[in-house]
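Naming convention: chains lettered A, B, ... in sequence-line order (proteins, then strands); numbering from 1 in each chain. Values below: all heavy atoms of this structure, side chains included; hydrogens, waters and symmetry mates excluded. The structure displayed is predicted, hence computed values, not measured ones.
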Amino acid sequence: MNSEATPGTAPVESTGEPTTKSNFLRDAIIQDLATGKHGGRVQTRFPPEPNGYLHIGHAKAICLDFGLADEFGGKTNLRFDDTNPTKEETEYVEAIMEDVRWLGFEWDGLFYASDYFQQLYEWAIKLIKDGKAYVCDLTADQTREYRGTLTEPGKDSPYRNRSIAENLDLFERMKNGEFADGSRTLRAKIDMASPNLSFRDPVMYRILHQHHHRTGDAWCIYPMYDYAHGQSDSIEQVTHSICTLEFDNNRHLYNWFIEQLGIFPSQQFEFDRLSLTYTVMSKRKLLRLVQEGLVSGWNDPRMPTLSGMRRRGYTPEAIRDFCASLGVSKTNGITQLQQLEYYVRQHLNKHAQRVMAVLKPLKVVLTNYPDDLVEEMEAVNNPEDASAGTRKIPFSKVLYIEQDDFREVPPPKYYRLSPGKEVRLRYGYIIKCESVVKDADGNVVEVHCTYDPDSRSGGATSNRKVKATIHWVSAAHALDAEVRMYDTLFAKENPDDVEEGQDFIANLNPNSLEVLTAKVEPSLKDAAAGARYQFERMGYFCVDPDSTPGKLVFNRTIGLKDTWAKIEQRAQNA
RNA sequence: UGGGGAGUCGCCAAGUGGUAAGGCAGCGGCCUUUGGAGCCGCCAUUCGUAGGUUCGAUCCCUACCUCCCCAGCCA
């Protein structure tokens, strides 16, 4: 039912906004194309580190990397930045590939920074021979001390002027595993007094006797990001290397290595990373939520991960449209969650099949309806899409309606059912509340109504207007379903806004998950995992992978806009 | 404090010398057998602040203020 992009096909069936609005990155590319730079070629890359799952912030980068290349007929590689074996795992590379494809993109080349370890090693030897790199025996602590501070220049390492021969010998022995982790590093010889800290003889290689997810035990020295990233771009002939703002400081080093090596001049551009209200985006924090069991996993529907959003029922189209609606600038901003939700609703409204489900059931007995009669009511599957057709829903004497749709004492502007009042049952009849049945505590447990036989939907005499239409299910035919109602994972717009001594965990929303047992219409009997529906008047829901033929499980993707809730809220605040 | 980046409506964001686009949110109204969707309208005399240049400045100049990034052998 849902038109998800298939791996191998090009994106993008957008629902609205253009894929790439004008922005400074796009302008830079147009400029380069105009001047004939790189022979009019555009090539980008998406370079995730496989140390966690992709999140909505990555989606923005992916849409930019792939979208921009696609717009100008270029290529985009997926390259795993796997230079730190202590944090990277195969599980993550697989999850990342799945998520990129789910989002609707297919890479041209699939690479790993580790593919370039040998080349990087040879280039390091060249830099040593050129007198531009040296083996340093300082410990990590000493290296920090020698680096100086933001305002004071650093001091040269006592090992800075070793002979080329000694450096060559030592570096080879580092590679051969003769030295312990942390005992030595290979450093670029640049300028310990540079105001740009990344120029103060940056570490190029560290010793790590660690098994690597791809190279196994072939290496015990691993290149640092700054020594690997630009060269990897260069090797792949990337023309426009797009990354986030915090790498601005690294751009000079990126260029320095490329210049020293005299290799293809890839160019780095920085844009603002996406931040969203009510969530955290750092992989470190997301990892912690997972490891401490505060969520059910990386794909918990409350997580801002692509796998979490997928499970929640968000669509790739909605995420892409959201990303396209975002600005690309150098401002550090925080986008409101409502903007993402708008695009989720927009896409689901067009594509989700309507269905009736009562989340918090209240029994209704139609006192003047024949005891054993069952009528088949015809319902429209999607008013936004005539081709979706219609279906039949059983109607009978005993029904369930939403508890919220009945008030014994109706507040002002309340149009739904209350004693003596009428409402229409969607695709059914107009009913009138005659009396209520209460339990020992005085709670209304049953509502007795009469129905108007002339008001059957679609009938010749069905045009009588009533203030409201509510949804319902036939008690005898309804199916039970577990429904997981999600709210934001954090209670504050900015989860990091905490008291002294606390951290973001303190802002976890205790009500981010509420589990209900709902009554749903029988057509949902064989609903397949992943299928998305609109429960009329309630919101969008999708079938969770936990769902089985015997026990339906739905996740609430997002509620519908609720004007009544707003009116009532306002009345209470007044 | 040194270096780098940024400050335009509640949020995101165009515009970059000629008198403030758009989206989200919000607020009115229309329509409606989803209080959904849709449609219409409203929503910055003002562009961090203070000076200056100019016939004219958000766009140029000067100073100041605020925020973000950099002192991992993380990326």
Original post:
Does atom CZ of A:R391 have more than 12 heavy-atom neighbours, drawn from other residues, nucleotides or ligands, at distances under 6.0 Å?
Top reply: yes
Original post:
Using 30° and 60° as the class limits, which term best fits the ring planes of A:F111 and A:Y116: parallel, tilted or perpendicular?
Top reply: tilted
Original post:
Is the A:Y146-A:Y159 ring centre distance short of 6.0 angstrom?
Top reply: no
Original post:
Going 5' to 3' along nucleotides 70-75 of chain B, which nucleotides have protein heavy atoms under 4.0 Å from the base (write B), which only from the sugar-phosphate (write S), and which from neither (write -)?
Top reply: BBSBSB
Original post:
For A:L274 and B:A13, what is the distance between atoms CG and P respectively, to the nearest whole Å?
Top reply: 10 Å
Subject >> Check: A:R537 main-chain N/O paired with A:E402 side-chain donor or acceptor under 3.5 Å >> reply: no
Subject >> A:F322 CZ to B:G23 C1', straight-line distance once rounded to whole Å >> reply: 11 Å
Original post:
Just how far, in rounded Å, is C1' of B:C12 from CD1 of A:I56?
Top reply: 14 Å
**OP:** Evaluate side-chain contact (heavy atoms from CB on, under 4.5 Å) for A:Y429 paired with A:F395, printing each intermediate quantity in order.
**Re:** CA-CA 10 Å; A:Y429 296 94; A:F395 184 93; 3.6 Å; yes
**OP:** Look at all strands and tell whether A:R273 reaches a base, only sugar-phosphate, or nothing, counting heavy atoms closer than 4.0 Å.
**Re:** nothing
Subject >> Between B:A6 (P) and A:F269 (CZ): distance, integer Å >> reply: 14 Å
**OP:** With C1' as the reference atom in both, quote the distance from B:C61 to B:G17 in angstrom, rounded to an integer.
**Re:** 13 Å
Original post:
Roughly how far apart, to the nearest Å, are B:A21 and B:A14 at atom C1'?
Top reply: 6 Å
Original post:
Distance between the C1' atoms of B:C43 and B:G22, in whole angstroms?
Top reply: 14 Å
Original post:
Among all residues two or more places apart in sequence or in another chain, which pass the side-chain contact (heavy atoms from CB on, under 4.5 Å) test with A:D487?
Top reply: A:N509
Subject >> Pairs where residues 556-565 of chain A contributes a residue and the test side-chain hydrogen bond (donor to acceptor under 3.5 Å, both in side chains) is met, not counting sequence neighbours >> reply: none
Subject >> Near-ring test A:Y205/A:F171, centroid separation under 6.0 angstrom >> reply: yes
Subject >> Distance, P atom - from B:G26 to B:C65, rounded to whole angstrom >> reply: 38 Å
Subject >> Gap between atom CH2 of A:W219 and atom CZ of A:F117 - 0.5 Å precision >> reply: 8.0 Å
**OP:** Give one of base, sugar-phosphate or nothing for A:V328, where a contact means two heavy atoms less than 4.0 Å apart.
**Re:** sugar-phosphate
Subject >> Separation between the P atoms of B:A20 and B:C68, rounded to whole Å >> reply: 33 Å
Subject >> B:C9 and B:G4, which share atom name C1', separated by this distance in whole Å >> reply: 29 Å
Original post:
Mind telling me whether B:G48 is syn or anti, cutoff 90° either side of 0?
Top reply: anti
Original post:
Once each nucleotide of nucleotides 30-43 of chain B is scored for protein heavy atoms under 4.0 Å, what B/S/- sequence comes out, 5' to 3'?
Top reply: ---BBBBS------
Subject >> Length of the CG-C1' vector between A:L340 and B:A25, whole Å >> reply: 14 Å
**OP:** Measure the distance from CG on A:L276 to C1' on B:C24 and round it to the nearest whole Å.
**Re:** 12 Å
Original post:
Rounded to whole angstroms, how far apart are CD1 on A:I558 and C1' on B:A25?
Top reply: 13 Å
**OP:** Both distances under 3.5 Å, Watson-Crick or G-U wobble: on that basis, could you give the dot-bracket string for RNA chain B, with [ ] for crossing pairs and | for other-strand partners?
**Re:** .(((((((.[[[..)..(...]]].(((((.......))))).....[[[[[..)....]]]]])))))).....
Subject >> base_contact_polar (B:G23 base, A:Q339 side chain, donor-acceptor, <3.5 Å) >> reply: yes
Subject >> A:K360 atom NZ, neighbour heavy-atom count above 12 within 6.0 Å >> reply: no
Subject >> Rounded C1' spacing from B:C47 to B:U58 in Å >> reply: 4 Å
Original post:
Hey, what's the ring geometry for A:F504 with A:F490, parallel, tilted or perpendicular (30° and 60° as the breaks)?
Top reply: tilted
**OP:** Considering only atom C1', compute the distance from B:U66 to B:C24 and round it to an integer number of Å.
**Re:** 26 Å
**OP:** Could you note down all residue pairs passing salt bridge (Lys or Arg N to Asp or Glu O under 4.0 Å) where residues 182-191 of chain A supplies at least one of them, sequence neighbours left out?
**Re:** A:D137-A:R184
Original post:
Roughly how many Å is it from CD in A:E341 to P in B:G26, rounded to a whole number?
Top reply: 11 Å
**OP:** Using the six-membered ring wherever Trp is involved, compare the ring planes of A:Y222 and A:H212 and label them parallel, tilted or perpendicular (cut-offs 30° and 60°).
**Re:** parallel
